[in-house]
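Heavy-atom basis, side chains included; hydrogens, waters and symmetry copies ignored.
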Amino acid sequence: MIPSLPLSTTQRRIVWSVRILLALAFGAAGISKLVGVPQMVQVFDAVGFGQWFRYLTGAVEVLGAVLLLVPAAGFFGGLLLTATMVGAVATHLVLIGGNPAPAVVLGLLSAFVVWRLRPVSVKTSREAS
C-alpha cells in the first residue's frame with residue numbers, strides 16, 4: 001500500500017484548500033458545541049439524546065478538523081467527518097427537521113478529501129501510470 005495516488009501541484013492545492021476550509025468550518029462548529037452556544041443546546045435538546053451527545057459531537061468535529069490539517073492524518077480526519085455528516089443529515093431528515101443542505105455539502109467535501117487521500121495498493125498505482 002502507498003499513501004495515495006500522486007497529485008499534480010494544482011490538485012494538491014485544491015485538496016489542501018478544501019482541507020483548510022473544512023478544518024475552519026468544523027473547528028468553529030465543534031467549538032460552538034463544546035462551549036454551549038444556546039442554539040447548539042437547543043438543537044441537541046431537539047435531538048433527544050442529552051447534552052452529552054453535544055459534547056461528543058463537538059469533540060469529534062474538533063478532532064476531525066485537527067486531523068485534516070495533519071498531512072499524514074488527513075484521510076482519517078476526512079473519514080471521521082464524512083461519517084459525522086452522514087449522521088447529521090440523517091438527524092435532520094428523521095429527528096429535527098430543518099435544512100440538511102449544509103451537512104450534505106460538508107459531507108460531500110469531506111468525502112472528496114477521503115477519496116483524494118485514499119490509500120491505494122501498489123498494483124492500482126502501477127495501473128494508473
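Ring-plane geometry between F49 and F53 is classed as perpendicular, the angle between the planes exceeding 60 degrees on a 0 to 90 degree scale with a lower cut at 30.
The environment of F112 atom CZ is dense: over 12 non-hydrogen atoms of other residues, nucleotides or ligands sit within 6.0 angstrom. Atom CZ of R12 has more than 12 neighbouring heavy atoms from other residues, nucleotides or ligands inside a 6.0 Å radius.
Between the side chain of S32 and the main chain of A29, a donor-acceptor pair closer than 3.5 Å is present. Looking only at distances, no side-chain donor or acceptor of R13 sits under 3.5 Å from a matching main-chain atom of T10.
Exactly one of T82, L21, V114 qualifies for a side chain to side chain contact (heavy atoms under 4.5 Å, CB included) with L109. That residue is L21.
In terms of heavy-atom proximity, G74 sits nearest to L68 at O-CD2, 3.7 Å. In this structure, S110 and G78 approach most closely via the heavy-atom pair CB-O, 3.8 Å. When all heavy atoms are compared, the tightest approach of P102 to N99 is CD-O, 3.5 Å. In terms of heavy atoms, L93 sits closest to P100 at CD2-CG, 3.9 Å. Taking every heavy atom of both residues into account, V89 and A103 meet most closely at CG2-CB, 3.7 Å. Taking each heavy atom of D45 and Q51 in turn, the nearest pair found is OD1-NE2, 2.9 Å.
In this structure, the separation between CZ on F26 and OG1 on T57 is 11.5 Å, given to the nearest 0.5 Å. From M40, atom CE reaches atom NZ of K33 across 5.0 Å, with rounding to the nearest 0.5 Å.
If you chain together hydrophobic residues whose side chains sit under 4.5 Å apart, V43 and V94 fall into the same group. Both F44 and V60 sit in one connected hydrophobic cluster of ILVMFWY residues. Membership requires side-chain heavy atoms under 4.5 Å apart, directly or through other members. Under the 4.5 Å side-chain heavy-atom criterion for Ile, Leu, Val, Met, Phe, Trp and Tyr, L63 and L56 are members of the same hydrophobic cluster. Grouping the Ile, Leu, Val, Met, Phe, Trp and Tyr side chains by contacts below 4.5 angstrom, directly or via other members, places V70 apart from L117. Placement of V15 and M85 within a single hydrophobic cluster is found when ILVMFWY residues are connected by side-chain heavy-atom separations under 4.5 Å, directly or transitively.
Through chains of ILVMFWY side-chain contacts below 4.5 Å, W16 is grouped with I20, L24, L69.
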Test log, rule side-chain contact (heavy atoms from CB on, under 4.5 Å), inputs I14 and R116: CA-CA 10 Å; I14 291 169; R116 291 307 300 171; over 6 Å; no

CA sep, side-chain torsions, deciding dist, call: L80, E61, side-chain contact (heavy atoms from CB on, under 4.5 Å): CA-CA 8 Å; L80 180 64; E61 289 178 347; over 6 Å; no

Intermediate values then yes/no, side-chain contact (heavy atoms from CB on, under 4.5 Å), L106 and L81: CA-CA 8 Å; L106 290 171; L81 295 172; over 6 Å; no

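Under the rule for a side-chain hydrogen bond (donor to acceptor under 3.5 Å, both in side chains), Q42 has no partner lying at least two apart in sequence or in another chain. Evaluation of the ring-ring contact (aromatic ring centres under 6.0 Å, His included) rule for Y55 yields no partner, not counting sequence neighbours.
When side chains are defined from C-beta on, F75 counts as touching L79, because their heavy atoms get closer than 4.5 Å.
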